[in-house]
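Values below: all heavy atoms of this structure, side chains included; hydrogens, waters and symmetry mates excluded.
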Amino acid sequence: MFSKEELEECRRADICSCDINKLTDVTNLKVDVSESVINRARKYFQFVRNPYMFRVGDIGVKINCGNGKNLSDSIIDIANSQH
C-alpha cells in the first residue's frame with residue numbers, strides 16, 4: 001500500500017509532463033464484482049504504480065477528486081461501476 005506522503009506525491013504528479021508509456025495500462029485489468037469493494041480497491045492499488053494516474057491504451061488518465069470526495073471514495077465509485 002501507499003503511505004500518506006506517497007499518495008500526496010502521486011496526487012501532485014502532472015499528467016501533461018509524464019511519460020505516458022510509464023503509466024500502468026488498465027486495459028486488461030479484470031474486476032471481479034463478486035469480491036468486496038475493499039478487495040477490489042486493494043487489487044487496484046496493487047496493480048497501478050500511481051493510483052491517481054494510469055492509461056487506457058494510448059490515453060493518459062488522471063483522477064481528480066471533487067465534490068467533497070477523496071481518492072478512496074473515487075476508487076470505490078469506479079470499483080462499483082458496472083461499465
Side-chain angles (χ1 to χ4, degrees):
M1 285 307 241
F2 296 89
S3 70
K4 188 173 183 176
E5 293 79 21
E6 290 170 324
L7 279 175
E8 182 59 27
E9 184 177 324
C10 289
R11 186 189 68 76
R12 286 193 311 259
D14 182 10
I15 189 86
C16 295
S17 64
C18 74
D19 180 353
I20 297 296
N21 295 314
K22 290 186 178 178
L23 296 176
T24 302
D25 187 352
V26 298
T27 301
N28 296 316
L29 175 63
K30 303 291 185 217
V31 177
D32 183 354
V33 295
S34 67
E35 290 190 62
S36 70
V37 172
I38 297 298
N39 284 341
R40 286 183 267 169
R42 184 176 290 124
K43 286 184 179 182
Y44 170 78
F45 279 105
Q46 290 171 344
F47 186 74
V48 299
R49 289 183 294 263
N50 180 334
Y52 286 94
M53 293 190 331
F54 52 88
R55 67 184 168 97
V56 179
D58 295 332
I59 307 295
V61 177
K62 180 162 186 183
I63 295 175
N64 289 311
C65 305
N67 298 327
K69 290 187 177 183
N70 59 28
L71 179 63
S72 297
D73 293 337
S74 297
I75 299 299
I76 289 170
D77 286 348
I78 291 168
N80 280 330
S81 70
Q82 296 288 332
H83 296 72

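E35 meets the side chain to side chain contact (heavy atoms under 4.5 Å, CB included) test with D32, N39, R40, K43; sequence neighbours excluded. Residues satisfying the side chain to side chain contact (heavy atoms under 4.5 Å, CB included) test with I20, not counting sequence neighbours, are C18, L23, R55.
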Quiz item: Can E8 and R12 be said to form a salt bridge (charged side-chain N to carboxylate O under 4.0 Å, His left out), step by step?
Solution: CA-CA 6 Å; E8 182 59 27; R12 286 193 311 259; 3.6 Å; yes

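In this structure, E9 CD and F2 CZ are separated by 10.5 Å, a value rounded to the nearest 0.5 Å.
Enclosure of atom CD1 in I59 is not indicated, since only 12 or fewer non-hydrogen atoms of other residues, nucleotides or ligands lie within 6.0 angstrom. The environment of E6 atom CD is dense: over 12 non-hydrogen atoms of other residues, nucleotides or ligands sit within 6.0 angstrom.
Within the 3.5 Å criterion, the main-chain N or O of G57 finds a donor-acceptor partner in the side chain of T27.
Here the closest heavy-atom approach between residue N50 and residue A13 is recorded as ND2-CB, 3.9 Å. Residue V61 comes nearest to V56 through the heavy atom pair CG2-CG2, 4.2 Å, listed as atom of the first residue, atom of the second, then distance. Across every non-hydrogen atom of Y44 and P51, the tightest pair is OH-O, 2.8 Å.
Contact annotation: the side chain of I63 approaches that of F54 to within less than 4.5 Å [non-hydrogen atoms, C-beta and beyond].
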